[in-house]
Visitor: 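Take a look at the following structure, please.
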Amino acid sequence: MYSFYKINFLSRQAFLPLMPNDIFQKDTKAVAKELLGMSLVHETKEGKTVGKIVETEAYLQRDPGSHSHKGMTPRNAQMFGKAGTAYVYFIYGMYHCFNIVTNKEGIGEAVLIRALQPVNGIELMKKRRKTDDIRNLCSGPGKLVIAMGITKHHNGADLLTGTIRLLPRKKNKKIDIVTCTRVGISIGKELPYRFYIKNNPFISKP
DNA sequence: CTCTGGATTGAC
DNA sequence: TCAATCCAGAGG
C-alpha cells in the first residue's frame, strides 16, 4: 500500500505543472543558481531517468564566452528563442551539450547544465554510458546528455510540456552554492559564471 | 571553397 | 598531454 502510494506520487509529480512559465525569463545568473537542486527528468521508450542538477554555467548577452555574443546564426538561434526551451548543440565532433534558454525572447542567454547527481533510472544510465561508476555517469555536460538519452533532436524542446521536464527542489532545503569561473573556454574565462553545490561529489571538476 | 578551433572526454 | 572526430563560422 505504501509503495503503491509512493510510486503513484512520484509518477504524478513528473506531470505537475512545475512552476510559472516565466521562471526562466529573468536574470540568467539567478536562474543558473535556482536550477541547482532541481531535478531533470526524461521519459523515453527505454525508461525514465532522473538527475539532480548540481552544476551549471551562465552564458549571457555581451558575454564574449557565449555562442550568442556575435549575434544570431543558424547554430545558436535557439538561444534567442523562448525561455524554458532546450538549446542543444554539437561540439568537438562527438558530444552534445544541453542548455536551458533564459531571459526574454531575442536576448540570447542560456544556462549550460554541467553535471547531475543520478537519482532514478541509474541502470539505464549505466547502460547508455557503458560504465558502472555512478560518479562517472553525469559528471560533465557531454556525459549527462548521453546518460539522459538527450539528442540533437531535443533542440528547441519545451521543458514545460515535452518529454524532458524539470522538478522544483524542496523549498525549505537550503543549498550551499560555490561560484567560480567557467570550464573549458578560452575567451571570458575570468568571469565568475559557474555555480555548483558545495561538497557535492557529482560535479564535473572541483 | 578551404581553414580553424571548439561551453569535451577518455586513454596514455 | 593528446587524439578522436565534425561542423559552424570566417575568410577568399
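Numbered from 1 within each chain, the chains take letters A, B, ... in sequence-line order.
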Visitor: Nearest to the Tyr59(A) side chain among dG10(B), dA7(B), dT5(C), which nucleotide is it?
Guide: dA7(B)
Visitor: Apply side-chain contact (heavy atoms from CB on, under 4.5 Å) to residues Ile113(A) and Asn99(A) and explain how you reach the verdict.
Guide: CA-CA 6 Å; Ile113(A) 307 302; Asn99(A) 300 247; over 6 Å; no
Visitor: Provide, to the nearest angstrom, the distance between the CD1 atom belonging to Ile187(A) and the P atom belonging to dG6(B).
Guide: 7 Å
Visitor: For the residue pair His42(A) and His154(A), is the inter-centroid distance of their aromatic rings smaller than 6.0 Å?
Guide: yes
Visitor: Check Arg182(A) with Asp63(A), please: is the shortest side-chain N to carboxylate O separation under 4.0 Å?
Guide: yes
Visitor: From CG of Asp133(A) over to P of dT9(B), roughly how many Å is that when rounded to an integer?
Guide: 14 Å
Visitor: Whole Å only: how far is the OH atom of Tyr89(A) from the C1' atom of dC6(C)?
Guide: 15 Å
Visitor: Looking only at side-chain N and O atoms, does Lys130(A) come under 4.0 Å of OP1 or OP2 in dG10(B)?
Guide: no
Visitor: Among the candidates dC6(C), dG10(B), dA7(B), find the nucleotide nearest to the side-chain atoms of Asn99(A).
Guide: dA7(B)
Visitor: Do you know which of Gln61(A), Met72(A), Glu105(A) makes side chain to side chain contact (heavy atoms under 4.5 Å, CB included) with Phe80(A)?
Guide: Met72(A)
Visitor: Nearest to the side chain of Phe90(A), which nucleotide is it out of dT9(B), dC7(C), dA7(B)?
Guide: dC7(C)
Visitor: With under 30° as parallel and over 60° as perpendicular, where do the rings of His67(A) and Tyr89(A) fit, or are they tilted in between?
Guide: perpendicular
Visitor: Should Arg114(A) be listed as having a side-chain N or O under 4.0 Å from OP1 or OP2 of dT8(B)?
Guide: yes
Visitor: Can you check the His67(A) NE2 to dT8(B) P distance for me, whole Å?
Guide: 9 Å
Visitor: In whole angstrom, what separates Asn76(A)'s CG from dC7(C)'s P?
Guide: 18 Å
Visitor: With sugar-phosphate meaning primed atoms plus P, OP1 and OP2, does Tyr92(A) contact a base, only sugar-phosphate, or nothing at under 4.0 Å between heavy atoms?
Guide: base
Visitor: Respond yes when some side-chain nitrogen or oxygen of Arg129(A) is under 4.0 Å from OP1 or OP2 of dG10(B), and no when none is.
Guide: yes
Visitor: Of the nucleotides dG10(B), dA8(C), dA7(B), which one has an atom closest to the side chain of Tyr87(A)?
Guide: dA7(B)
Visitor: Met79(A) CE to dG9(C) P: how many Å, rounded?
Guide: 12 Å
Visitor: Using purine N1 to pyrimidine N3 plus N6-O4 or O6-N4 for Watson-Crick, or N1-O2 and O6-N3 for G-U wobble, both under 3.5 Å, which nucleotide pairs with dT5(C)?
Guide: none
Visitor: Could you state the interatomic distance from CZ (Arg129(A)) to CD1 (Ile146(A)), rounded to the nearest 0.5 Å?
Guide: 5.5 Å
Visitor: Ignoring the backbone of Arg75(A), work out which of dC6(C), dT8(B), dG9(C) is nearest its side chain.
Guide: dG9(C)
Visitor: Determine which nucleotide pairs with dG11(C), using a 3.5 Å limit on both distances of a Watson-Crick or G-U wobble pair.
Guide: dC1(B)
Visitor: Starting at atom CD1 of Ile185(A), determine the distance to atom P of dA7(B), rounded to an integer number of angstrom.
Guide: 8 Å
Visitor: Tell me what Arg182(A) touches on the nucleic acid: a base, only sugar-phosphate, or nothing, going by heavy atoms under 4.0 Å.
Guide: nothing
Visitor: Between Ser186(A) and dG6(B), does any side-chain N or O lie under 4.0 Å from OP1 or OP2?
Guide: yes
Visitor: Tell me the interatomic distance from His69(A), atom NE2, to dA7(B), atom P, rounded to whole angstroms.
Guide: 13 Å
